[in-house]
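Before any comments, here is the structure.
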Amino acid sequence: MRRQEKKQKRFAKVFASLLAISLLISSCNSGEVLKTIGGNKNETTATQVNEQREDESETSQDTNSTTDSEKEDNSKPTDRHFDIEAASKRKGKNSLGHEPLSTVEIAEKTKAAVVAITTTGVRETPLGVFDFQSAGSGVLISEDGYIVTNNHVIANAKQIDVVLATGETYRAKLVGTAPSKDIAVIKIEEKKLPFVEIGNSDDLMVGELAVAVGNPLGDFNGTVTTGIISSLGRRLVLEGSVELSNLIQTDAAINSGNSGGGLFNSYGELIGINVAKARARENSNSAPVEGLGFAIPINTVAPIVNSLINKGYLEGMPSLGIYGSDVSESMAQAYPEILVPGVWIRDIAENSPVLESGLKVGDIITGLAGEKVTSVAQLNIVKNRYKAGDEVDIEFYRNGETHNSKVTLAEAKHD
């Protein structure tokens with residue numbers, strides 16, 4: 001029994017020693033806690049253990065120094081902050097030696113030269129004649145009050161009022177209009193007005209900064225929106241009869257009332273006149289699409305404006321010298337013996353070029369320049385792709401037969 005008790009006591013001592021070692025190791029792993037509850041003896045032991053680990057770590061780092069360095073470089077967080085304005089601005093000076101500006105600087109440079117336009121007038125509809133009021137934007141292009149805008153902003157207006165960025169209101173007069181290009185020029189009688197700096201729209205690059213300034217919804221004059229040049233050379237048909245080509249596409253917000261306002265580049269230069277935003281379908285009543293705005297390039301606008309100011313009309317615009325009416329598909333089906341879809345000539349001007357081509361009142365124009373036409377709007381779209389003096393093919397229907405001829409387009413004295 002005594003021998004057994006001695007064995008049990010010896011086992012208890014060994015177990016106690018093992019338990020103490022286990023507690024020591026556990027305490028070393030507990031870091032700062034060891035210093036609080038372990039006393040000085042255990043603190044010394046913990047320090048020795050930590051130093052041993054640091055030595056092992058340094059040895060391991062020395063062995064794999066190249067690999068660890070590469071991993072460290074690859075894992076470093078970048079301190080670059082992406083800024084769409086900075087990313088999309090042109091770099092370096094432009095042809096005039098100007099440096100690119102921030103959007104704040106562009107707004108400061110341009111806002112004073114962009115005006116709000118309100119109009120009143122009468123409009124004929126199938127239901128009768130009605131008074132209307134509308135609003136849009138315009139851009140001052142000279143210190144003596146010439147303003148460029150869209151034709152559809154001032155169309156049929158009997159009164160045109162201009163509100164400057166200062167809040168001052170002026171009555172404007174119509175200088176000239178080019179409906180087929182959707183450009184018009186109006187003027188207010190004032191001197192020393194702020195005006196825009198003209199840029200070069202042929203120099204534009206897709207992706208560069210675009211800043212739109214205008215009067216969206218007719219209530220927010222001086223609104224500045226930013227985006228980029230999304231695409232170039234776009235084509236758009238407005239209200240079924242006005243075809244615009246070579247348009248600038250931008251994702252800067254363009255809304256109703258922005259029409260006639262300015263689109264500016266990184267240098268604060270006017271590069272386009274905002275004209276429209278895309279819709280989901282060609283139906284004008286469909287919902288507009290966000291981020292699809294369009295502007296007429298300033299290099300297209302400039303010669304039109306010069307002609308309107310100097311001549312009062314757009315030089316070189318083609319004319320057939322006829323007055324026509326639509327012959328629809330349903331009308332042609334109702335009278336198949338005498339009608340086909342096209343443009344019925346109800347009158348011909350005295351000096352019309354179609355007289356030399358053999359056309360008469362009552363003929364139906366069915367084609368121009370190799371394209372089929374079924375309405376006056378479509379005929380005008382095709383015609384306006386050419387200029388006065390161009391000779392084009394013309395197709396017409398008379399007495400059950402189709403005839404072909406050529407016509408030299410005259411110059412229209414009004415568009």
Side-chain angles (χ1 to χ4, degrees), residues 88 90 94-95 137-139 141 148-153 176-185 196-214 227-252 254 258-267 269-279 282 288-289 291-308 313-318 368-371 377-390 392 409 412 415:
S88 59
R90 295 287 286 270
N94 64 2
S95 59
S137 307
V139 180
I141 56 172
V148 61
T149 185
N150 291 134
N151 174 71
H152 74 261
V153 170
T177 182
S180 64
K181 306 299 181 183
D182 203 13
I183 292 294
V185 177
V196 294
E197 181 179 337
I198 304 299
N200 178 12
S201 55
D202 289 343
D203 188 42
L204 292 176
M205 299 174 64
V206 173
E208 73 171 282
L209 182 68
V211 178
V213 184
I228 61 170
I229 302 297
S230 304
S231 188
L232 299 168
R234 294 299 197 194
R235 173 184 170 275
L236 205 63
V237 177
L238 306 179
E239 299 180 356
S241 60
V242 178
E243 181 185 58
L244 301 178
S245 59
N246 197 35
L247 296 179
I248 302 167
Q249 180 186 326
T250 179
D251 64 348
I254 305 292
N258 272 108
S259 293
L263 189 69
F264 299 90
N265 63 9
S266 296
Y267 306 98
E269 300 169 331
L270 182 67
I271 53 170
I273 299 298
N274 299 321
V275 64
K277 66 186 300 184
R279 293 184 177 272
E282 291 187 2
V289 177
L292 281 175
F294 298 90
I296 306 171
I298 195 60
N299 288 16
T300 299
V301 173
I304 298 174
V305 169
N306 290 337
S307 182
L308 293 179
Y313 65 93
L314 180 56
E315 294 179 284
M317 287 302 297
L368 187 70
E371 296 190 41
Q378 190 179 7
L379 178 64
N380 284 328
I381 286 176
V382 177
K383 170 179 65 69
N384 290 334
R385 293 173 185 166
Y386 299 86
K387 61 181 184 295
D390 287 346
V392 296
L409 299 173
D415 188 5

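Counting from 1, the numbers follow the sequence of the chain as shown.
Within the 4.5 Å cutoff, no side-chain heavy atoms of I248 are placed close to those of F294. The side-chain heavy atoms of N246 and P297, taken from C-beta on, include a pair separated by under 4.5 Å. The shortest distance between side-chain heavy atoms of L368 and K383 falls below 4.5 Å. Put simply, the side chain of I229 reaches to within 4.5 Å of the side chain of I271, judged on heavy atoms. When side chains are defined from C-beta on, K181 counts as touching M317, because their heavy atoms get closer than 4.5 Å.
No donor-acceptor distance shorter than 3.5 angstrom exists from the side chain of N380 to the backbone of A377, with no hydrogens or angles considered. With N265 contributing its side chain and Y267 its backbone, the two residues share a donor-acceptor pair below 3.5 Å.
Listed by chain and number, the residues in a side chain to side chain contact (heavy atoms under 4.5 Å, CB included) with S231 are R234, Q249 (sequence neighbours excluded). Qualifying side chain to side chain contact (heavy atoms under 4.5 Å, CB included) partners for I228, counting only residues two or more places apart in sequence or in other chains: S88, S230, D251.
N258 and N274 share no side-chain donor-acceptor pair at under 3.5 Å.
A212 and I254 get closest at one heavy-atom pair: CB-CD1, 3.8 Å. Taking all atoms of both residues into account, the shortest heavy-atom contact from N384 to S180 is ND2-CB, 3.5 Å. When every heavy atom of A210 is checked against every heavy atom of A252, the shortest pair comes out as O-CB, 4.2 Å. G199 approaches N299 most closely through the heavy-atom pair O-OD1, 3.9 Å. Taking every heavy atom of both residues into account, S307 and Y313 meet most closely at OG-O, 2.7 Å.
Shown are V275, N151, T149, I296; of these, the side chain to side chain contact (heavy atoms under 4.5 Å, CB included) with I183 is made only by I296. When the options N200, N94, V196 are evaluated for a side chain to side chain contact (heavy atoms under 4.5 Å, CB included) with E269, the one that passes is N94.
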